Q: 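Handing you this structure, nothing more for now.
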Amino acid sequence: MELVVALGVIVFKVALVIAILLLLPLPLTWLERKIAGHMQQRMGPMRVGWHGLLQPVADGIKLLTKEDHIPAEADRFLFKLAPILALAPPFVVFAAIPFGESVSVLGNEITLYISNLNVALLFVFAVIGLEVYGVIFGGWAANSKYAVLGSLRTCAQMISYEIPMGFAVIGVVMLAQSMSLLDIVRAQTDLWNVVYQPIGFFVFFVAGLAEAQRIPFDLAEAEGDLGAGFHTEYSGIRFALFMVSEYVVMVLVSVLTVILFFGGWNGVLIPLPPLLWFLLKVAFFVYLFMWFRFTFPRYRYDQLMAIGWKVLLPLSLANIIISGVVFS
């Protein structure tokens with residue numbers, strides 16, 4: 001009986017996480033448009049629902065009912081597979097993400113995570129790296145020159161920035177003496193890692209912007225010179241899956257930033273519930289992603305690659321050396 005209950009709890013957690021991640025783009029797209037509107041001295045969405053609250057629902061209905069067009073010369077199997085490959089890895093990663101320690105429900109302790117892996121950090125980087133296959137297949141299978149250029153740009157960008165991103169967290173692992181995300185958060189009970197690892201945080205966050213393909217690092221799309229990048233030929237629900245993937249990755253990078261450098265659910269001064277502390281921190285970094293989108297210009301491709309290899313990589317290596325000397 002206990003085994004059945006445990007399996008039921010796991011299934012419920014998985015279903016809840018999937019449902020939240022699938023629905024999350026709805027409020028985030030509305031929020032991003034509103035932030036853009038206020039930054040640009042306009043109102044943002046106002047027509048559908050109060051203050052445009054139903055605009056994401058209208059967009060979702062439009063995408064669901066839009067014609068699903070596949071180019072005549074496309075590789076149909078890979079064309080259909082690509083959005084799934086782009087969306088699945090970020091969802092799988094959340095199986096290893098803790099949102100807190102545990103809560104008591106009807107006298108039973110329910111942990112706020114699906115699994116506590118002792119190599120969770122390694123698992124996260126290994127799985128999230130698979131997302132690039134969806135982008136490559138999407139561009140190549142469409143048999144379009146613009147889409148192929150966009151997918152190649154994305155491939156080079158994501159591989160280049162995953163290297164300093166991985167190096168940036170080595171200092172955090174040194175401090176926690178563990179790759180378990182729970183242990184990393186517990187090690188920050190007294191002082192957050194950002195105090196010890198400001199360089200690591202800077203490198204990780206900038207590389208995270210590139211991983212999420214957000215301005216100023218959205219060279220994969222580059223509407224001005226590539227039309228729309230790797231998903232130029234996609235429409236309807238398949239296009240929507242790519243957009244959902246982008247928002248899920250943005251939230252994932254924000255969650256990892258909070259866990260690795262800002263104490264996770266550990267609060268300061270104000271006695272708020274741990275889960276609320278965690279959500280507030282994540283919301284702050286999601287807002288930063290949106291703020292940057294409407295503040296910074298897009299880098300040229302050569303500038304983007306130069307920042308990754310000539311700035312972030314040396315900084316991440318220097319951070320490892322400094323951490324090794326100081327914390328050994």
Side-chain angles (χ1 to χ4, degrees), residues 9-10 13-14 16-17 20-21 24 90-105 109-128 165-208 211-212 248-289 316 319-320 323-324 326-327:
V9 170
I10 293 173
K13 289 179 182 178
V14 171
L16 182 62
V17 169
I20 291 173
L21 293 178
L24 205 54
F91 275 70
V92 173
V93 165
F94 273 92
I97 299 294
F99 299 93
E101 294 285 357
S102 62
V103 293
S104 180
V105 178
E109 289 293 320
I110 306 296
T111 56
L112 296 179
Y113 48 84
I114 296 174
S115 63
N116 177 22
L117 300 176
N118 58 358
V119 289
L121 201 53
L122 188 61
F123 173 81
V124 167
F125 281 101
V127 173
I128 200 63
M165 194 178 190
F167 285 164
V169 302
I170 292 178
V172 172
V173 174
M174 289 181 182
L175 287 168
Q177 298 292 304
S178 172
M179 283 195 289
S180 165
L181 295 179
L182 272 173
D183 291 342
I184 289 172
V185 173
R186 289 165 182 164
Q188 300 175 73
T189 303
D190 298 322
L191 198 60
W192 297 350
N193 281 338
V194 68
V195 177
Y196 298 115
Q197 296 285 307
I199 299 174
F201 160 67
F202 172 78
V203 172
F204 184 88
F205 187 70
V206 173
E211 280 290 298
V248 172
V249 171
M250 179 177 69
V251 173
L252 175 61
V253 173
S254 301
V255 166
L256 289 175
T257 303
V258 170
I259 288 175
L260 295 174
F261 296 99
F262 284 84
W265 47 87
N266 293 315
V268 290
L269 300 178
I270 305 173
L272 297 176
L275 182 59
L276 182 57
W277 264 116
F278 184 80
L279 295 177
L280 287 174
K281 293 176 188 177
V282 171
F284 171 75
F285 281 102
V286 169
Y287 172 75
L288 278 187
F289 271 91
S316 61
N319 184 63
I320 294 172
S323 299
V326 173
F327 303 119

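Note that the coordinates shown come from a computational prediction; the quantities given were computed from them, not determined experimentally.
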Q: If we check side chain to side chain contact (heavy atoms under 4.5 Å, CB included) with S323, which of these qualifies: I320, V326, N319?
A: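 Testing S323 for a side chain to side chain contact (heavy atoms under 4.5 Å, CB included) against I320, V326, N319 leaves exactly one candidate, N319.
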
Q: Please report the closest heavy-atom contact between A95 and S115, naming both atoms and the distance.
A: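 Taking every non-hydrogen atom into account, O-OG, 2.9 Å.
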
Q: If every non-hydrogen atom of M250 is compared with every non-hydrogen atom of V286, which pair is closest and at what distance?
A: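 The pair with the smallest heavy-atom distance is CE-CG1, 4.0 Å.
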
Q: Please assess V172 against L121 for the test side chain to side chain contact (heavy atoms under 4.5 Å, CB included), listing each intermediate value before the final yes or no.
A: CA-CA 10 Å; V172 172; L121 201 53; 5.7 Å; no

Q: Mind checking whether F262 and F284 have ring centres under 6.0 Å apart?
A: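 Not under 6.0 Å, so no.
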
Q: Calculate, to the nearest 0.5 Å, the distance between atoms CG and CG belonging to L280 and L272 respectively.
A: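 The CG atom of L272 is 6.5 Å from CG of L280, to the nearest 0.5 Å.
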
Q: What's the shortest heavy-atom distance between F201 and T257, and which atoms?
A: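 Scanning both residues completely, I find the closest heavy atoms to be CE1-CG2, 3.6 Å.
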
Q: Do V251 and F285 come close enough that some side-chain heavy atom pair is under 4.5 Å?
A: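 No - every pair of side-chain heavy atoms lies 4.5 Å or more apart.
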
Q: Give the C-alpha distance, both sets of side-chain angles, the deciding distance and a yes or no for side chain to side chain contact (heavy atoms under 4.5 Å, CB included) between L260 and N193.
A: CA-CA 7 Å; L260 295 174; N193 281 338; 5.7 Å; no

Q: Are E101 and T111 close enough that a side-chain donor and a side-chain acceptor fall under 3.5 Å?
A: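 Side-chain D/A pair, E101 to T111: absent.
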
Q: Kindly indicate, with the supporting measurements, whether the criterion side chain to side chain contact (heavy atoms under 4.5 Å, CB included) is fulfilled by V169 and M165.
A: CA-CA 7 Å; V169 302; M165 194 178 190; 5.9 Å; no

Q: CD of E211 to CZ of F125: how many Å apart, nearest 0.5 Å?
A: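 Nearest 0.5 Å value for the CD-CZ distance: 8.5 Å.
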
Q: Can you check whether F94 reaches V248 side chain to side chain, under 4.5 Å on heavy atoms?
A: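 The answer is yes; the side chains approach within 4.5 Å.
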
Q: To the nearest 0.5 Å, what is the distance between OG on S254 and OH on Y287?
A: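 Output value for this atom pair is 13.5 Å.
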
Q: Distance-only, no hydrogens or angles: does the N266 side chain make a donor-acceptor pair with backbone N or O of V185 under 3.5 Å?
A: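 Checking the backbone N and O of V185 against the side chain of N266, a donor-acceptor pair under 3.5 Å is found.
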
Q: I need the I97 CD1 to L182 CG distance, nearest 0.5 Å.
A: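 Taking CD1 in I97 and CG in L182, the distance rounds to 10.5 Å.
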
Q: Between L112 and F278, is there a side-chain heavy-atom distance shorter than 4.5 Å?
A: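 Side chain of F278 against side chain of L112, heavy atoms only: no contact under 4.5 Å found.
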
Q: Does any part of the side chain of S180, heavy atoms only, come nearer than 4.5 Å to the side chain of N116, both counted from C-beta?
A: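 Side-chain contact under 4.5 Å: yes.
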
Q: Answer yes or no: are there more than 12 heavy-atom neighbours, outside F202 itself, under 6.0 Å from its atom CZ?
A: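 Open: at most 12 neighbouring heavy atoms sit under 6.0 Å from CZ of F202.
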
Q: Between S316 and F167, is there a donor-acceptor pair closer than 3.5 Å when you use the side chain of the first and the backbone of the second?
A: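 Between the backbone of F167 and the side chain of S316 there is no qualifying donor-acceptor contact (under 3.5 Å).
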
Q: What distance do W265 atom CH2 and K281 atom NZ have between them, rounded to the nearest 0.5 Å?
A: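 The CH2 atom of W265 sits 10.0 Å away from the NZ atom of K281.
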
Q: May I have the step-by-step check of side chain to side chain contact (heavy atoms under 4.5 Å, CB included) for W192 and V268, ending in yes or no?
A: CA-CA 10 Å; W192 297 350; V268 290; 3.8 Å; yes

Q: Between V249 and P90, what is the shortest heavy-atom contact and its length?
A: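 Closest approach of V249 to P90, heavy atoms only: CG2-CG, 3.7 Å.
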
Q: Looking only at the side chains, is there a donor atom on one of N118 and S178 sitting less than 3.5 Å from an acceptor on the other?
A: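 No pair is found: no donor N or O on one side chain lies under 3.5 Å from an acceptor on the other.
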
Q: What orientation do F261 and F204 show, parallel under 30°, tilted 30 to 60°, or perpendicular over 60°?
A: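 Tilted: the ring planes of F261 and F204 meet at 30° to 60°.
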
Q: Is the backbone of V173 close enough, under 3.5 Å, to the side chain of Q177 for a donor and an acceptor to pair up by distance?
A: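 Not a single qualifying donor-acceptor pair exists.
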
Q: Whether the side chain of Q188 engages the backbone of I259 through a donor-acceptor N/O pair (distance < 3.5 Å, no angle test) should be reported.
A: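 Checked: pair present.
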
Q: Considering residues, nucleotides and ligands other than F289, do more than 12 of their heavy atoms fall under 6.0 Å from its CZ?
A: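 For F289, atom CZ is crowded (more than 12 foreign heavy atoms under 6.0 Å).
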
